[in-house]
Amino acid sequence: MRCAELKYGTLDEWDFHNDTTTQKLDITLKPTTSVRSYQAKALSKMFTGGRARSGIIVLPCGAGKTLVGISAGVTIKKPILVVTSSNVAVEQWRNQFKHFTTIDDSRIACFHGEAHGHHEVINNETLVIIA
């Protein structure tokens with residue numbers, strides 16, 4: 001609603017398969033990674049007709065929201081921005097990307113308040129940004 005008031009364009013659906021302007025992300029889930037049935041159901045609500053739909057995924061604590069988010073990114077195969085609420089969550093997301101997917105750690109950049117003296121670099125090879 002607020003976006004419409006400010007005249008910001010929004011997308012209800014994104015035809016990511018036919019998006020040729022956004023760089024492709026070479027990422028897959030590792031063969032050892034399995035998505036639970038309720039996680040797959042949440043993802044199916046997000047992806048219908050070959051398009052990504054906007055929305056909010058709500059699952060209880062410990063139900064694997066991080067894996068659902070990572071699986072969404074793997075499905076789209078486009079650069080990913082993850083915004084978290086804490087420094088701990090930033091590192092959790094990085095570790096989970098490395099644990100569940102084939103992405104090389106050098107393609108992930110993390111930013112948080114406790115990263116003193118450690119400077120991440122964003123370049124054309126960075127495809128996952130977590131803050």
Can you find a heavy atom in the side chain of [X] that is under 4.5 Å from one in the side chain of [Y]?
X	Y	answer
Thr102	Leu29	no
Leu59	Lys65	yes
Thr33	His99	no
Phe16	Thr22	no

### Query
Does a side-chain N-to-carboxylate-O contact under 4.0 Å join Arg107 and Asp26?
no
### Task
Go through the steps to decide whether Lys98 and Asp104 satisfy the test salt bridge (Lys or Arg N to Asp or Glu O under 4.0 Å), and finish with yes or no.
CA-CA 7 Å; Lys98 291 175 3 183; Asp104 186 84; over 6 Å; no
Say you draw a straight line from [atom1] of [X] to [atom2] of [Y]; how long is it, rounded to the nearest 0.5 Å?
X	Y	atom1	atom2	result
Thr66	Trp93	OG1	CH2	5.0 Å
Asp19	Ile76	CG	CD1	10.0 Å
Asp105	Cys110	CG	SG	8.0 Å
Lys77	Thr28	NZ	OG1	6.0 Å

### Query
So, Thr20 and Asn18: side-chain donor and acceptor under 3.5 Å apart, yes or no?
no
### NZ (Lys24) with more than 12 external heavy atoms under 6.0 Å
no
### Message
So, applying side-chain contact (heavy atoms from CB on, under 4.5 Å) with Ile70, which one of Val82, Val128, Thr101, Ile80 is it?
### Response
Thr101
